[in-house]
Amino acid sequence: MSALRLDGVTLDIDGKVLFQPLSFSVEPGNVTSVVGPSGSGKSSLLAYLCGILPKEIQGRGAVYAGDKQLTDLATERRALGLLFQDSLLFPHLSVGGNLLFGLRAKQSRAARRQRVNEALASVGLEGFADRDPATLSGGQKSRVALLRVLLAEPRALLLDEPFSALDDDSRARVRSLVFAEAQRLGLPTLLVTHDMEDVAAAGGDVIELRHPQDKQGI
Amino acid sequence: MLRKPPIIILLCVSVIPTSAGVLAALWSGLDPAALTRVLATPGVGLSIASSIWSGVIATGVSLLLAHLAVALAASGGWRARLNGFALPLLAMPHLAMGIGLALLLAPSGVLLRAVSPWATGFDLPPDWLIVQDPAALSLILGLILKETCFLIMALMAALAQVPSAELQLQARALGYGPLKAWLAVTAPLLQRQIRLPLAAVLVFGIGNVELAIPLGPGLPPTFSVMLWHWFTNPDPLINAQAYAGTVLLLLATTTTLAFMAAANTLLTRLLRRTAESGRRRSHDGFARGVARSVLIVGWSTGILAIAAILLRSAAGPWRFPALLPGGDWLSRWLDVLPVAGSVAATTIGLAVATALCGLLLVLPAAERCRRDRRTRAIVGAWLFVPLLVPQMTFLFGMQVLLVRLHLDGRIVAVLWSHLIFALPYLWGLLAPARATIDPRYQSVAATLGATPLRTWFTVTAPLLARSTLLAFALAFSVSVALYLPTLFAGAGRFATAATEAAASAGSGNLRLASVHGLLLAVLPLTVFALAYTTNSLLFRNRRGIPR
């Protein structure tokens, strides 16, 4: 895996700049946290990196995975794995169906199913393939959402407050699972959060989003 | 909006023929000689008056009943079931309802048979003018039965935009009775939202022939029926009268619409004043009981009308006081099967084609304005225009144009005319359904590497499947029910259940009318039943999909 690098990335709404240009890189296996007050454009930053920014917001600056420029590619060709606050499992597909949707490997049907079952077993959800996602607990949904992203073989992992909707108990467990998987696969990971526990658990660099007008920060 | 081809195509399909039709109707209708002849026709004033009278009274009563039904359902906790009650009457085409009511209420009808001779002493049908009465009361009844259901659906759709449950609870907590709470708090908010459907009800009430042929007064008939007779007359002079008359119909309709808009403002002010009076009306049990009884009687009448069609179509000669037709039912149905079979095939083919073309036009356009509420409303309003102009006016005009273009009597012309009427309903159902799908599902699919096309087929389409099935059933039913468009655009060459039923009802042959009426009633009901069954089977193991 290669590093995720941002070069002069900034966003603006109707000509108003949300934060000063960001340039930094995240090494494979590291987790960099982005913090800032709500409305500072944290989530929009991830949306820009993925190419799913709403029309009202304009973004500038380049994103690289290693030497590959991603900004000009369509969302589906960037291969950046994004985890939202809600798990957003497709409600019309089974748990296994959701994972098969994510799984990139071109193999036989049986082999693909096998991969999915192994993945489920690896996070303690053995035999969940045929379940309706709506019947899962919050922590279980998060784990499935994580697997769905990982099976799509992303170049990097982008986390948009993915633990904040979980109860205290499962938050810690899901968080350590996500970070462990990122490290195991050597994925550069960018975490957007307002939870200082998340930042501490991530252990990597911390980037604070500041409005261009506040010279002193928060 | 103008840079999105699917939206432009959708609007063109509806707006171009409608506006061209109205212009052509004005062009060929503004003929002083013909207008003079129309105005000199004996009874024409009375005829126009009875059209307006039946339209206005039916609209007012339907609006009141629809509000009462929704209020009772909302406060009684059976709001979810109200749609189920309204659906069979809503799905039933106007013509079928007209024929059914005529069969039910006539002196020789099912209702009097049920109580004769033991209660009435009648051994022969009495000489009463119940159906086709000069005051148009039976016509008004027919309109009320249909339009109340239509307005209930419109109100239920509008309810989704209003925090009605909270408002209702708040008013109840302040000591107001359920009915008063509804009329003072929720009704004024809904009233704003259903202006277009309400206007459509009035326009249809004034200009319809579907109910006026079997139920409307005879001498003189309502104005639209008079025009219909003139139009089907081979004499070109009388034909010209039809074109001139349709301009008068347009004038009468727009004038009444303007009055209704003023009345609507007045009504809203009145409701506000009752709200400010502070009277609680907390003991409204009696009023609610009356409202409930009226609604139940009305609903049962509609259902009995369907049953009356079934009985009459199975009967040959049917001696008066007997309630059930004697003889061999099955063989009578088998007798008419060859004729009814080919009519059914044409009707179904046209309806399926209309629904499919409509979906192909509406789905891409709904996709394009899923994030833009304003554009959705504007497109919806434009598509609604054909329901706000008397059908006769722009269909006469369209027919003139089709003849010029040598397209009259072609399947394309008929299909197009049906589409014009199906599109507003398809849009009303599918545009909001598409907009409520969480846009982040698409983002997720894209970040997982799915192309936009694959995302549409694997994520959006399945999530829209339920609404799409209902929309299909709705468009199918609209097409089955259409009479005038099939007649005019088809130049009389397409025999559908609606054209055959209207023709036989117009010539007074209720037995034949009931056979086609049965087809008219059964087709939409079957398709709706199929749509609902499929919907309940579809994704039945997936609780996350909204029903």
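- Between Ser479(B) and Ala351(B), the closest heavy-atom pair is OG-CA, 3.2 Å.
- The two residues Gln168(B) and Thr186(B) have their closest heavy-atom pair at OE1-OG1, 3.6 Å.
- Within a 6.0 Å radius of CZ in Arg77(A), other residues, nucleotides and ligands contribute 12 heavy atoms or fewer.
- Distance CG/Leu157(A) to CG/Leu4(A): 10.5 Å, rounded to 0.5 Å.
- Here the shortest heavy-atom pairing between Val17(A) and Phe19(A) reads CG1-O, 3.3 Å.
- Of the two parts of Thr455(B), neither the backbone nor the side chain holds a non-hydrogen atom closer than 4.5 Å to a non-hydrogen atom of chain A.
- From Thr458(B), atom OG1 reaches atom CG of Leu93(A) across 7.5 Å, with rounding to the nearest 0.5 Å.
- For the pair Arg143(A) and Phe128(A), the cation-pi criterion (under 6.0 Å, within 45° of the ring axis) is not fulfilled.
- Residue-environment remark: CG (Asp167(A)) exceeds the threshold of 12 foreign heavy atoms within 6.0 Å.
- Contact count versus chain B (heavy atoms, under 4.5 Å) is highest, among Asp132(A), Leu151(A), Leu80(A), for Asp132(A).
- The contact between Leu89(A) and chain B is made entirely by backbone atoms, counting heavy-atom distances below 4.5 Å.
- At a heavy-atom cut-off of under 4.5 Å, chain A is reached by no residue from residues 420-435 of chain B.
- Looking at Pro452(B), the atoms closer than 4.5 Å to chain A (heavy atoms on both sides) sit in the backbone and in the side chain alike.
- Taking Ala450(B), Ala465(B), Pro439(B) one by one and counting their heavy-atom pairs under 4.5 Å with chain A, the maximum is reached by Ala450(B).
- Between the CG atom of Asp205(A) and the CD atom of Glu27(A) there is a distance of 9.5 Å, given to the nearest 0.5 Å.
- Atoms CG and CZ, on Leu88(A) and Arg148(A) in that order, are 7.0 Å from each other to the nearest 0.5 Å.
- Residues Gly51(A) and Arg78(A) share a closest heavy-atom pair of N-NH1, 3.2 Å.
- Proximity to chain B (any heavy atom under 4.5 Å) is shown, for Phe90(A), by both the backbone and the side chain.
- Listed here is the closest heavy atom pair of Pro386(B) and Ser14(B): CG-OG, 3.8 Å.
- Nearest heavy-atom pair, Ala69(B) versus Ile152(B), reported as atom, atom and distance to 0.1 Å: CB-CD1, 3.7 Å.
- With sequence neighbours excluded, the residues that form a side chain to side chain contact (heavy atoms under 4.5 Å, CB included) with Arg373(B) are Gln161(B), Arg376(B).
- Across Ser94(A), Ala145(A), Ala152(A), the residue that shares the most heavy-atom pairs under 4.5 angstrom with chain B is Ser94(A).
- With a 4.5 angstrom heavy-atom cutoff, Ala445(B) touches chain A via backbone and side-chain atoms both.
- Heavy-atom proximity under 4.5 angstrom to chain B picks out nothing from residues 58-72 of chain A.
- In this structure, CE on Met156(B) lies 13.0 Å from CD1 on Ile194(B), to the nearest 0.5 angstrom.
- Around the CZ atom of Phe457(B), the shell of radius 6.0 Å holds no more than 12 heavy atoms that belong to other residues, nucleotides or ligands.
- Atom CZ of Phe24(A) is separated from atom CG of Asp7(A) by 11.5 Å, given to the nearest 0.5 angstrom.
- Near-neighbour residues of residues 101-122 of chain A relative to chain B, defined by a heavy atom under 4.5 Å from a heavy atom of that chain, comprise Phe101(A), Gly102(A), Arg104(A).
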